Amino acid sequence: MADARPLPEPALGTRVIFLGPPGAGKGTQAGRLAGHLRIPKVSTGDMLREAIAVGTPLGRVAGPLMEKGGLVPDDLLIDMMEERLDKPDAARGYILDGFPRTLRQAEGFEYIKRGDVTALVYVFNVEVPREELLKRLSGRRWCPHCQSTYHVQNNPPKDDSLCDKDRTLLIQREDDKETAVARRLAEYDERTAPLIDYYRGRSRFHTVDGYRPPDAVFAELKTIVATEKAAS
Ligand SMILES: [Zn+2]
């Protein structure tokens with residue numbers, strides 16, 4: 001939807017953290033908000049995949065771990081983020097996607113942005129009922145050739161189980177199969193959900209109803225940022 005109004009000026013040092021379980025739509029919203037505020041989206045998942053593909057020292061440690069469904073150690077992720085957020089394009093702010101995911105990472109993030117009092121840190125906690133998450137995650141399909149993603153209900157391919165672009169047979173990623181989904185949700189409950197209490201009351205914390213169409217969620221995020229900026 002085109003918007004004829006001028007784009008907002010990004011507030012100096014606007015930083016956004018997304019909390020919420022897998023399947024809540026955080027990555028999508030993070031990307032849209034980054035475009036809206038014209039600041040980079042910093043995704044740990046993308047960075048790790050890239051490090052693995054290029055074969056950096058970090059990638060060589062993370063690759064085998066992730067292949068087995070294991071977790072990348074907090075300290076490695078914190079170091080990776082410190083290096084990334086030090087780059088010039090992050091000076092005006094950034095949207096984090098996939099970080100922090102543990103209390104230790106949250107503490108690491110405090111350390112990374114130490115001394116920076118001009119920063120506005122928004123925390124969006126995206127809530128979606130568990131039943132809906134299961135539906136979203138288990139319905140995901142993926143083209144191994146061009147990496148397009150589909151969903152059996154929300155975004156099905158035109159031709160049953162074939163990619164629209166190259167007619168490759170779509171597959172379900174290991175991560176989206178039932179046992180993996182259960183593991184990811186349990187990990188979220190154990191490791192990430194405590195961050196809700198950590199951030200509530202100590203920052204610009206907002207719980208957002210993610211059980212709505214993506215456009216409605218995005219509209220609310222934009223309103224919150226605009227309202228708070230006006231008030232600050
Ligand atoms: Zn394809």
Side-chain angles (χ1 to χ4, degrees), residues 1-3 16 18 20-56 58-72 77 80 84 89 94-99 101 126 128-185 187-188 210-219 221:
M1 269 149 284
D3 191 336
V16 180
F18 276 97
K26 303 182 297 293
T28 305
Q29 298 297 340
R32 291 180 73 173
L33 197 59
H36 175 68
L37 296 173
R38 286 173 295 148
I39 52 181
K41 169 185 155 181
V42 176
S43 156
T44 43
D46 291 349
M47 289 171 72
L48 287 170
R49 276 188 287 276
E50 161 105 21
I52 292 165
V54 175
T56 65
L58 168 71
R60 290 200 295 274
V61 175
L65 275 173
M66 288 169 71
E67 221 159 88
K68 287 183 286 184
L71 298 163
V72 179
L77 288 174
M80 177 178 89
R84 173 65 186 87
D89 70 324
Y94 42 78
I95 313 276
L96 298 178
D97 176 25
F99 184 91
R101 270 195 183 156
V126 186
V128 174
R130 196 54 53 111
E131 218 182 277
E132 170 69 10
L133 292 175
L134 291 171
K135 223 185 281 174
R136 289 184 186 180
L137 292 166
S138 63
R140 282 184 182 170
R141 294 295 181 272
W142 180 68
C143 171
H145 183 70
C146 71
Q147 272 96 56
S148 295
T149 54
Y150 298 86
H151 191 280
V152 291
Q153 280 139 14
N154 306 335
N155 178 29
K158 290 193 189 79
D159 204 343
D160 190 37
S161 64
L162 295 180
C163 178
D164 290 349
K165 291 174 192 152
D166 48 48
R167 303 193 58 77
T168 303
L169 186 65
L170 300 178
I171 60 167
Q172 187 176 32
R173 274 195 276 214
E174 285 303 318
D175 238 22
D176 295 331
K177 290 185 179 165
E178 207 178 324
T179 47
V181 165
R183 172 180 53 74
R184 289 164 67 195
L185 289 171
E187 260 165 31
Y188 168 79
Y211 190 22
R212 291 179 296 170
D215 283 348
V217 177
F218 183 54
L221 298 182

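When reading the values below, keep in mind they use all heavy atoms of this one structure, side chains included, and skip hydrogens, waters and symmetry mates. When a ligand or atom number is given, it counts from 1 through the structure's own listing order. All figures in this text were calculated on a predicted structure; none of them were measured in a lab. In this chain, numbering begins with 1 at the start of the sequence shown.
Every residue was checked against the ring pair (Phe, Tyr, Trp, His ring centres under 6.0 Å) condition with F99, not counting sequence neighbours, and none meets it.
Only protein N, O or S atoms were considered, and those under 2.8 Å from the Zn ion (ligand 1) are C143 SG, C146 SG, C163 SG, D166 OD1, D166 OD2.
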Give every donor-acceptor pair under 3.5 Å between a side-chain atom in residues 156-163 and any protein atom, sequence neighbours left out.
| from | atom 1 | to | atom 2 | distance (Å) |
| --- | --- | --- | --- | --- |
| D159 | OD2 | R167 | NH1 | 3.2 |
| D159 | OD2 | R167 | NH2 | 2.8 |

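Electrostatic pairing of D176 and R136 does not count as a salt bridge here, judged by no charged N lying under 4.0 Å from a carboxylate O.
A 6.0 Å sphere centred on CD of Q147 holds more than 12 heavy atoms belonging to other residues, nucleotides or ligands.
Under the 3.5 Å distance criterion, the side-chain polar atoms of K26 are matched with a main-chain donor or acceptor of G20.
Applying the salt bridge (charged side-chain N to carboxylate O under 4.0 Å, His left out) test to residues at least two apart or on different chains, none of the pairs has a partner in residues 143-152.
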